[in-house]
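To start, the structure itself, in structure tokens.
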Protein chains: 2
Amino acid sequence: MQNGHPQPIVTVDVVLLTLKDGALQVALSQREHPPHPGEWTLPGGWVHVDEDEDALAAAVRILKSKTGLQSPYLEQLQTFANRHRDSRGWSVSIAYYALVPYEQVHERLSVPTRSKPGKNDATHPRIQWRGVDSIRSLPFDHQKILETAVSRVRSKTLYSSLPIHLMPKIFTLSQLQNVYEQVLGSSLDKRTFRRRIEELDLVEPIPGALEQGGAHRPAQCYRVKRRHGRELALAEKNLR
Amino acid sequence: MQNGHPQPIVTVDVVLLTLKDGALQVALSQREHPPHPGEWTLPGGWVHVDEDEDALAAAVRILKSKTGLQSPYLEQLQTFANRHRDSRGWSVSIAYYALVPYEQVHERLSVPTRSKPGKNDATHPRIQWRGVDSIRSLPFDHQKILETAVSRVRSKTLYSSLPIHLMPKIFTLSQLQNVYEQVLGSSLDKRTFRRRIEELDLVEPIPGALEQGGAHRPAQCYRVKRRHGRELALAEKNLR
DNA sequence: TTAATAGTGTCTGTCAGACACTATGTG
DNA sequence: CACATAGTGTCTGACAGACACTATTAA
């Protein structure tokens, strides 16, 4: 209650996406409390006005507490706010989407934390990965939030370097092209793809680094240029 | 307070834009109460959980109460949410932007309502139009919200038909091109512009309607095709 | 006639897609 | 050698920008 007005509930929900088994997958988290106890939903939570500086900080905190992830690419998606989406009352969900390389998730969720042995994180959150195109319905309006996020990621993939945030630190151009193709669900022409990547000027070859092992010509290894590193991703603004 | 968590304040702010005197202008509304009493800000207000169905409905209500406008093009912009933007506490602003033809605003704000003579709307809100590029600072974080909106409108103008919502019901292609140029602040090639408009397939010539009067060849009059009328605009979704 | 704006024809440089070609590793 | 994938050369059709040209009115 503020100035005589009852206030809506304010939450932040995060659509965390990764590429696994050749498909775009979303992280679902199991709810502990009503409404929908035990069901799998997008990771979300209340804004904590006493500890969160802003909505982005709330998203970072929630993502870390529910998945252990520290700093994936994170960007505001859209706000979903109406009377019916949550049975507890008129509610606002400031939705974010996040991209993370699967190798990074895998470390976090399957390997016990060695850095602080005294701290018990065995109760680490229950996360389930689901292919985004196999999900038919989710509690609240999370299905719609998910669809909005996937649609946004796919369309930004058409004209930006967004999928770079799904790559490991070192990768080849063929691997990068595969990631684009898996996100979009369609194949791309090799020459055109490489021209685009070169124009974007976001990656650079690692001198002398070649990927050996295949029964074929070894591939040049690339990395993201410094100024476009993952740490800067948080600060990136909407292009349009 | 919900579930033991103090809740943020939730408001909706609207960046209402029009084209007047050859430039993009924004509607500012004079605040009545603290904080910043008497100062000019973006029209905004609380979400009323008892009367608003959703955030869009709140934006419509706020816009109507502060400007008298019924149904301009209205679309969610972005949500600004942090601890510092409002001195009353941790606050959320779900920001919208709206486009309206100036002739329509002019009717509403300067002509007394004749439809319901018994109802007094003489106390109609104080609105001031300011060129968007002449504004250097606004209270709260409204400067940033304004800049985000203007930037979004300009970039969408580059690849969409957004400025159509700034046009009167009947217009010529030259007038439409002028509007695009005024929004963008740069001139466009006539041939290229007309090709684009034709491809978008959003407007149609009005049979037999020519704009007479000038000392030159009369221009064909156009209108927005039915399926793209202003009444549908509210339901339109983000392209990307 | 001139002036002014509406509207069209058309050349040209750029560039994305297509695809063939060369390069270089393994077995 | 065959084979597989990496990486490059290059043709071509589509198309955006540029701009000249025609059309149609008023005075």
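Throughout, a chain's letter reflects where its sequence line sits, starting with A, and its residues are numbered from 1. These figures come from a predicted structure and were not determined experimentally.
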CD/A:Glu198: more than 12 non-hydrogen atoms of other groups inside 6.0 Å: no
Among the nucleotides D:dT25, D:dA18, C:dG17, whichever has the atom closest to the side chain of A:Arg195 is C:dG17
Using whole Å, what does the distance between atom P of nucleotide D:dG7 and atom CG of A:Asn178 come to? 13 Å
Contact nearer the 5' end of DNA chain D, comparing B:Ala215 with B:Lys190: B:Lys190
Identify, between A:Phe193 and A:His216, the residue whose nearest nucleotide on DNA chain C lies closer to the 5' end. A:Phe193
Report yes if at least one side-chain N or O of B:Ser174 is closer than 4.0 Å to OP1 or OP2 of C:dT5; otherwise report no. no
Check every strand shown and say whether B:Gln220 touches a base, only sugar-phosphate, or nothing at a heavy-atom separation below 4.0 Å. sugar-phosphate
Taking OP1 and OP2 of C:dT8, is either one under 4.0 Å from a side-chain nitrogen or oxygen of B:Arg191? no
Run the salt-bridge test on B:Arg85 and B:Asp13 with the 4.0 Å N-O cut-off and return the result as yes or no. yes
Scanning both residues in full, the closest heavy-atom pair of B:Phe193 with B:Leu173 reads CE2-O, 3.9 Å
Mind checking if A:Arg196 touches a base, just sugar-phosphate, or nothing, with heavy atoms under 4.0 Å? nothing
Quick one: do A:Glu103 and A:Lys20 make a salt bridge, cutoff under 4.0 Å? no
Send over the distance from B:Ile206 CD1 to C:dA6 P, rounded to a whole Å. 16 Å
If you assign A:Glu199 and A:Arg217 each to the DNA chain C nucleotide with the nearest heavy atom, which residue ends up on the more 5' nucleotide? A:Glu199
